[in-house]
Amino acid sequence: MLAGYSGASNDIDVRIQDRRKKCEGAGKSDCWKKLEREAIRVVKDEVRRQGVVLTIQTRDRQIVFRSIPDSSPEPTSYYYIGDYAEIGYHLVERWKYFEDLSYLLISKTTGKTTVLPEIPHVSPSSRHVVVVHGSEGAGGSPSQIAIWSVDPDRLTEQYRYLPKEYFLPSFKSWEIDDEVTLSAYTYSWAGRQCKSLGLVWYQLRKSGASWNLTIDPNKALPECK
């Protein structure tokens with residue numbers, strides 16, 4: 001979980017949503033800078049901010065992120081979000097062109113950086129992280145579900161689902177270390193193509209070395225109209 005916060009690891013997205021809500025409206029930039037200072041204070045020996053430059057010191061190397069001003073043709077902003085202490089990673093939020101949002105999960109040992117389209121959720125034993133990203137298709141990354149195994153030096157991708165049809169998923173919870181519950185708005189389920197959107201619940205489970213996404217048998221399917 002983020003250092004300085006209490007609660008389960010899969011509450012991280014709630015904490016960050018709370019962070020965003022605090023910074024809605026006027027003065028958003030100043031608010032984000034204040035919250036970033038609070039996050040850096042927890043890891044002040046590893047992370048520092050000097051103007052537009054954000055520096056992260058890992059065991060093997062130093063990583064420098066330099067924000068590009070809004071007046072530039074390619075504006076980019078970096079904000080330090082927090083310390084995923086249980087898995088030994090830092091999280092940085094990156095904004096490009098005002099709307100293209102991604103997250104950088106950075107190993108504290110090697111500095112290896114994994115680019116994610118959404119907030120990662122850590123499994124109960126910290127052996128996996130999952131990303132569930134829903135997109136309406138207007139810029140940014142497409143809808144997807146992905147899982148990585150966690151090593152102190154790097155993340156290794158184990159599963160990725162890129163739907164070909166409309167599919168707007170949302171993470172719900174890690175049930176156990178090898179099972180994720182999620183839901184998605186879609187026009188197609190159980191082999192049927194419908195004219196209206198339905199909310200379908202899914203289970204993403206590990207069986208042997210493979211992850212499999214299936215409809216949750218414990219949840220009722222929506223009516224196909």
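It should be emphasised that the depicted structure is a prediction, and the values quoted were computed from it without experimental measurement.
- The minimum heavy-atom distance linking Leu182 with Lys172 is given by the pair CA-CG, 3.8 Å.
- Checked against side-chain hydrogen bond (donor to acceptor under 3.5 Å, both in side chains), Tyr166 has the following partners two or more places apart in sequence or in another chain: Glu136.
- The structure places CZ of Arg205 at 7.5 Å from CG of Asp216, a figure rounded to the nearest 0.5 Å.
- At least one side-chain heavy atom of His133 sits less than 4.5 Å from a side-chain heavy atom of Gln144.
- Atom CD of residue Glu93 and atom CG of residue Leu54 lie 12.0 Å apart, to the nearest 0.5 angstrom.
- Shown here are the side chain to side chain contact (heavy atoms under 4.5 Å, CB included) partners of Ala39, two or more places apart in sequence or in another chain: Tyr80.
- Between Ser123 and Asp177, the closest heavy-atom pair is OG-OD1, 2.7 Å.
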*For side chain to side chain contact (heavy atoms under 4.5 Å, CB included), just list the numbers for Val47 and His90, CA-CA rounded to whole Å, side-chain angles, deciding distance to a tenth of an Å, and then say yes or no.*
CA-CA 9 Å; Val47 182; His90 293 291; 3.8 Å; yes

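- Inspection of the Ser207 and Asn212 side chains reveals no N or O donor paired with an N or O acceptor under 3.5 Å.
- In this pair, His128 and Trp211 present their aromatic rings perpendicular. The plane angle is above 60°, beyond the 30 to 60° band.
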*Could you go through the side chain to side chain contact (heavy atoms under 4.5 Å, CB included) check for Glu165 and Ser188 one step at a time?*
CA-CA 8 Å; Glu165 300 177 339; Ser188 176; 3.5 Å; yes

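- A donor atom on one side chain and an acceptor atom on the other are not found under 3.5 Å apart for Thr110 and Asp153.
- In summary, the side chains of Thr55 and Gln57 do not present any donor paired with an acceptor at a separation below 3.5 Å, with no hydrogens or angles considered.
- Side-chain heavy-atom separations under 4.5 angstrom define the hydrophobic clusters, and the remaining members of the one that includes Val53 are Val52, Val64.
- To the nearest 0.5 Å, atom CG of residue Leu197 and atom CG of residue Leu168 are 8.5 Å apart.
- Ring centroids of Phe65 and Tyr78 are separated by less than 6.0 Å, placing the two rings close together.
- Residues Leu91 and Leu104 are not in side-chain contact: their nearest non-hydrogen atoms beyond the backbone lie 4.5 Å or more apart.
- Summarising the local packing, OH of Tyr185 is surrounded by 12 or fewer heavy atoms from other residues, nucleotides or ligands at distances under 6.0 Å.
- Without hydrogens or angle criteria, Trp174 side chain to His121 main chain gives a donor-acceptor distance under 3.5 Å.
- No side-chain heavy atom of Thr76 sits under 4.5 Å from any side-chain heavy atom of Trp95.
- Under the 4.5 Å side-chain heavy-atom criterion for grouping Ile, Leu, Val, Met, Phe, Trp and Tyr, Ile215 is connected to Leu213 within one hydrophobic cluster.
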*Start with the C-alpha distance between Gln203 and Asn218, add both sets of side-chain angles, then the distance that settles side chain to side chain contact (heavy atoms under 4.5 Å, CB included), and finish with yes or no.*
CA-CA 10 Å; Gln203 294 174 333; Asn218 301 313; 4.0 Å; yes

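- Distance check, rounded to the nearest 0.5 Å: OG of Ser183 to CZ of Phe171 gives 11.0 Å.
- Note that the CG atom of Leu116 and the CG atom of Leu155 stand 7.5 Å from one another [nearest 0.5 Å].
- Other residues, nucleotides and ligands place more than 12 heavy atoms under 6.0 Å from the CD atom of Gln62.
- Taking CG of Asp151 as the reference point, atom OG of Ser107 lies at 8.0 Å (rounded to 0.5 Å).
- For Gln193, the CD atom counts as densely surrounded, since its 6.0 Å shell holds more than 12 non-hydrogen atoms of other residues, nucleotides or ligands.
- The side-chain heavy atoms of Leu221 and Val200, taken from C-beta on, include a pair separated by under 4.5 Å.
- Ion pairing of Glu36 with Arg49 is present here, as a side-chain N (NZ or NE/NH1/NH2) and a carboxylate O approach within less than 4.0 Å.
- Between Val131 and Ile119, the shortest heavy-atom contact is CG2-O, 4.3 Å.
- Remark: of the listed residues Val122, Val150, Asp178, Asp178 is the sole one forming a side-chain contact (heavy atoms from CB on, under 4.5 Å) with Arg127.
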*Going through the checks in order, is the ring-ring contact (aromatic ring centres under 6.0 Å, His included) test met by Tyr202 and Phe167?*
CA-CA 12 Å; Tyr202 295 87; Phe167 190 81; 5.6 Å; yes

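- The shortest distance between side-chain heavy atoms of Pro169 and Ser143 falls below 4.5 Å.
- In this structure the side chain of Val129 reaches within 4.5 angstrom of the side chain of Ile87, judged on heavy atoms.
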*Give the intermediate values and the outcome of side chain to side chain contact (heavy atoms under 4.5 Å, CB included) for residues Arg37 and Ile40.*
CA-CA 5 Å; Arg37 287 196 297 270; Ile40 290 176; 5.8 Å; no

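- At a cut-off of 3.5 Å, with distance as the only test, a side-chain donor of Glu175 or Thr181 sits close to an acceptor on the other residue.
- Hydrophobic clustering (side-chain heavy atoms under 4.5 Å, transitive across Ile, Leu, Val, Met, Phe, Trp, Tyr) groups Tyr187 together with Leu199.
- Within a 6.0 Å sphere centred on NZ of Lys108, heavy atoms belonging to other residues, nucleotides or ligands number more than 12.
- Counting heavy atoms from C-beta outward, Ser149 and Glu157 have side chains that stay 4.5 Å or more apart.
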*asked:* Working note: Thr109 + Arg59, criterion side chain to side chain donor-acceptor pair (under 3.5 Å); need CA distance, chi angles, decisive distance, verdict.
replied: CA-CA 5 Å; Thr109 54; Arg59 183 197 65 188; 4.7 Å; no

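- Two residues are said to be in side-chain contact when any heavy atoms from C-beta on lie closer than 4.5 Å; Leu204 and Tyr159 meet this criterion.
- Contact between Pro142 and Ser135 at its shortest, heavy atoms only, is C-CB, 3.9 Å.
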